[in-house]
Undergrad: 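Shown below is the structure under consideration.
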Protein chains: 2
Amino acid sequence: MTAALSELVQSAAPRFRTATEFVEATLREAILSGAIAPGTPLRQEELAATFKVSRMPIREALRQLEAQALVDFEPHRGAVVVQITLLDAMDNYAIRAALEPQALRHSIPHLSETDFDLAEELLAEIDQETDPGRMGELNRRFHMTLYAQAGLPRLIALTEQHLATADRHLRFHLAAVGDMGQDEHRELLSACRDRDVERAVATLSRHHNRAREAMSAYFASRDGGKA
Amino acid sequence: MTAALSELVQSAAPRFRTATEFVEATLREAILSGAIAPGTPLRQEELAATFKVSRMPIREALRQLEAQALVDFEPHRGAVVVQITLLDAMDNYAIRAALEPQALRHSIPHLSETDFDLAEELLAEIDQETDPGRMGELNRRFHMTLYAQAGLPRLIALTEQHLATADRHLRFHLAAVGDMGQDEHRELLSACRDRDVERAVATLSRHHNRAREAMSAYFASRDGGKA
DNA sequence: AATTGTTAGATTGGATCCAATCGACAGGCA
DNA sequence: TGCCTGTCGATTGGATCCAATCTAACAATT
């Protein structure tokens with residue numbers, strides 16, 4: 001873990017106002033990207049060393065991550081990167097299936113040609129991309145582009161947070177997810193261009209359901225295979 | 001603020017494992033209940049004195065509240081209790097309108113007679129209650145009773161969090177909200193008893209829309225009256 | 001052999017201390 | 001008069017220090 005984290009620390013050091021912000025953002029990125037595996041205990045002293053700060057900003061950052069459900073805190077036993085269970089995945093899908101259509105409904109009327117062009121471009125990039133991690137990020141940006149004009153900052157932030165968590169789940173359990181659902185992506189974008197809210201929401205729901213069932217099937221086969 | 005907060009501090013002191021937990025829970029309760037008004041700056045030294053701890057647990061708690069969007073943090077200027085604007089209220093309604101039906105859908109199949117009886121009892125208590133703060137809490141417990149069997153802990157926690165925030169908005173802007181929508185509450189409960197998911201969700205939506213429009217109209221009249 | 005009590009080390013929770021930054025106010029200058 | 005600038009008090013950000021608690025290994029007893 002230290003190795004992968006160190007790179008992140010170096011690259012993103014000097015664009016934060018406080019050490020706590022720096023640690024929080026970098027650590028979150030590391031957890032979401034999988035650079036730190038689920039279940040890893042986060043030793044404060046160790047983190048302080050790799051970030052080259054004292055334990056205090058580490059502790060504040062860990063508290064924020066706890067509130068975002070990215071780490072578990074146990075008194076006197078420290079923080080651990082949250083595990084990924086089937087329940088977590090289903091929980092996350094239920095939340096996204098609620099939030100994303102809502103964001104989309106509010107956003108569609110305010111989407112501009114610029115937004116559509118950006119989304120189009122992201123789809124093209126996804127087609128060419130092979131690295132799964134990078135594909136996940138492009139996928140996230142495509143979706144968020146369509147939600148971004150909702151004009152409700154908290155709704156958007158929550159949506160982005162849970163989309164990122166979904167990415168993390170995928171990365172760990174379906175590392176070689178070949179199909180991002182590009183057909184559905186294109187139909188979704190087309191519906192948005194037509195300002196057809198109902199068709200867009202329906203397409204998004206199909207998108208979610210397909211992904212959820214794939215994840216569910218994966219867990220079933222895995223647990224069925226070993227238990 | 002200190003006066004109202006001091007009572008909370010006294011009453012709820014010794015049932016927490018760490019000081020940070022104690023501060024976080026108490027402070028959140030104080031913000032949500034309105035004991036600390038929106039816009040109030042939260043001086044760390046002052047809070048440390050009223051809680052009789054050092055500044056460190058205060059800071060950790062404030063970070064958690066920041067992640068829950070209950071306080072704003074500005075580097076070197078400290079934490080402030082978030083304001084309540086029309087945008088915040090609409091944002092919150094959009095989130096609840098997304099999350100609560102989802103929670104209800106998952107919960108209805110698993111609700112038991114005990115749950116229905118509890119909900120019924122809460123409705124009766126609401127009828128007799130006159131204190132607006134207490135009414136808000138009963139309302140919250142009624143709704144959460146119906147969502148509680150969803151079996152998705154994160155979805156439930158998010159829902160509760162935003163329901164509590166909605167309560168806070170109401171308390172500040174519609175202090176004398178006489179009508180909690182008991183008719184809709186009863187219809188909602190009835191639909192749940194019948195396991196009629198679609199009717200329950202439709203009723204809940206009406207409930208949300210009515211409340212959202214009341215809040216919206218309030219802001220319109222207030223800002224129209226003064227601006 | 002298994003279970004329980006004990007003790008040492010590691011690690012966290014909390015307190016205290018110092019440095020950096022912000023805001024207000026006073027005084028100089030055009 | 002109005003604006004800029006520099007200093008000072010207040011307050012936060014971060015570091016270091018101490019106390020409380022947990023874990024694990026080992027010893028003693030049954």
Side-chain angles (χ1 to χ4, degrees), chain A residues 1-2 5 9-10 12-28 31 36-37 39-83, chain B residues 1-2 5 9-10 12-28 31 36-37 39-83:
Chain A
M1 149 227 171
T2 310
L5 185 56
V9 173
Q10 301 304 331
R15 63 183 152 93
F16 290 94
R17 293 176 297 182
T18 67
T20 301
E21 276 186 21
F22 167 51
V23 173
E24 194 266 346
T26 310
L27 216 45
R28 183 178 54 211
I31 292 173
I36 309 182
T40 309
L42 298 170
R43 300 277 152 244
Q44 299 176 2
E45 202 87 44
E46 181 181 354
L47 290 173
T50 63
F51 280 98
K52 297 191 204 310
V53 296
S54 80
R55 268 176 50 212
M56 162 107 42
I58 304 287
R59 278 167 63 174
E60 288 188 28
L62 288 176
R63 287 296 182 184
Q64 289 181 288
L65 297 176
E66 182 195 19
Q68 294 168 36
L70 291 179
V71 310
D72 277 338
F73 239 91
E74 209 66 37
H76 294 229
R77 304 206 310 175
V80 175
V81 178
V82 291
Q83 294 284 355
Chain B
M1 148 225 171
T2 310
L5 184 56
V9 173
Q10 300 306 330
R15 61 183 155 92
F16 290 95
R17 291 176 298 181
T18 68
T20 300
E21 277 186 21
F22 166 51
V23 174
E24 195 266 347
T26 310
L27 216 44
R28 183 178 56 212
I31 292 173
I36 308 182
T40 308
L42 299 170
R43 300 279 150 243
Q44 298 176 3
E45 202 85 46
E46 181 182 352
L47 290 174
T50 62
F51 280 98
K52 296 191 205 309
V53 296
S54 81
R55 268 176 50 213
M56 161 107 42
I58 304 288
R59 279 166 64 176
E60 288 188 27
L62 288 177
R63 288 295 182 185
Q64 289 181 287
L65 297 175
E66 182 195 20
Q68 295 169 36
L70 291 179
V71 310
D72 276 339
F73 238 91
E74 207 66 37
H76 295 267
R77 303 205 312 177
V80 174
V81 178
V82 292
Q83 294 285 354

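Chain letters run A, B, ... following the sequence lines, proteins first and then strands; every chain starts at 1.
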Undergrad: Does B:T20 make a side-chain N or O approach to OP1 or OP2 of C:dG14 shorter than 4.0 Å?
TA: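 Yes.
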
Undergrad: Could you go through the salt bridge (charged side-chain N to carboxylate O under 4.0 Å, His left out) check for B:E66 and B:R63 one step at a time?
TA: CA-CA 5 Å; B:E66 182 195 20; B:R63 288 295 182 185; 3.4 Å; yes

Undergrad: Between CD of B:E46 and CD1 of B:I58, what distance do you get to the nearest 0.5 Å?
TA: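 Going from the CD atom of B:E46 to the CD1 atom of B:I58 covers 10.0 Å.
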
Undergrad: Please give, in whole Å, the distance from D:dG14 P to A:E45 CD?
TA: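 My rounded result for the distance is 17 Å.
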
Undergrad: Are A:E74 and B:R17 close enough for a salt bridge, meaning some N to O gap below 4.0 Å?
TA: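 Between B:R17 and A:E74 there is a salt bridge, with a charged N closer than 4.0 Å to a carboxylate O.
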
Undergrad: Describe, in one word, how the ring planes of A:F22 and A:F51 are oriented to each other, choosing from parallel (under 30°), tilted (30 to 60°) and perpendicular (over 60°).
TA: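 The arrangement is perpendicular - the two ring planes meet at more than 60°.
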
Undergrad: Could you write out each protein N or O paired with an N or O of nucleotides 15-17 of chain C at a distance under 3.5 Å?
TA:
{"residue": "C:dA15", "atom": "OP2", "partner": "B:S54", "partner atom": "N", "Å": "2.6"}
{"residue": "C:dA15", "atom": "OP2", "partner": "B:S54", "partner atom": "OG", "Å": "2.5"}

Undergrad: With side chains defined as the heavy atoms from C-beta onward, is the minimum distance between A:L27 and A:L62 less than 4.5 Å?
TA: yes

Undergrad: Evaluate the side-chain proximity of A:L65 to A:Q68: yes if any heavy-atom separation is below 4.5 Å, no if none is.
TA: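 Heavy-atom side-chain distance check passes, below 4.5 Å.
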
Undergrad: Answer yes or no: does a side-chain N or O of B:R43 lie under 4.0 Å from OP1 or OP2 of D:dA10?
TA: no

Undergrad: Do any side-chain nitrogens or oxygens of B:Q44 fall under 4.0 Å of OP1 or OP2 in D:dA10?
TA: no

Undergrad: Using rotation axes that map the C1' atoms of four end pairs onto the next four (five pairs an end), what angle separates the end axes of the helix from C:dA1-D:dT30 to C:dA30-D:dT1, to 10°?
TA: 10°

Undergrad: Tell me the interatomic distance from A:H76, atom NE2, to C:dT12, atom P, rounded to whole angstroms.
TA: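 Taking NE2 of A:H76 and P of C:dT12, I get 11 Å after rounding.
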
Undergrad: Look at the side chain of B:T26 and the backbone N and O of B:V23, then say whether any donor-acceptor pair between them is shorter than 3.5 Å.
TA: no

Undergrad: Expressed as a whole number of angstroms, how long is the span from B:R17:CZ to C:dG13:P?
TA: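 Going from B:R17 (CZ) to C:dG13 (P), I get 11 Å.
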
Undergrad: Nearest whole Å is fine: how far is D:dA10 P from B:E46 CD?
TA: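 It is 15 Å, rounded to the nearest whole Å.
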
Undergrad: Minimum heavy-atom separation for B:G39 to B:V80, with atom names?
TA: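 Nearest heavy atoms, B:G39 then B:V80: O-CG1, 3.4 Å.
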
Undergrad: Starting at CZ of A:F73 and ending at C1' of C:dT11, how long is that distance when rounded to a whole Å?
TA: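 In whole Å, C:dT11 C1' lies 12 Å from A:F73 CZ.
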
Undergrad: How long is the line joining CD of B:E21 and C1' of C:dT12, in whole Å?
TA: 13 Å

Undergrad: For A:P75 and B:T18, work out which heavy atoms get closest and say how close.
TA: CB-CG2, 3.9 Å

Undergrad: For the pair made of CG in B:L42 and P in D:dT11, what is the distance, rounded to whole Å?
TA: 13 Å

Undergrad: Whole Å only: how far is the CZ atom of B:F22 from the P atom of C:dG13?
TA: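 The answer, rounded to whole Å, is 17 Å.
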
Undergrad: What's the closest nucleotide to the side chain of B:R77 if the choices are C:dT11, C:dG23, D:dT12?
TA: C:dG23

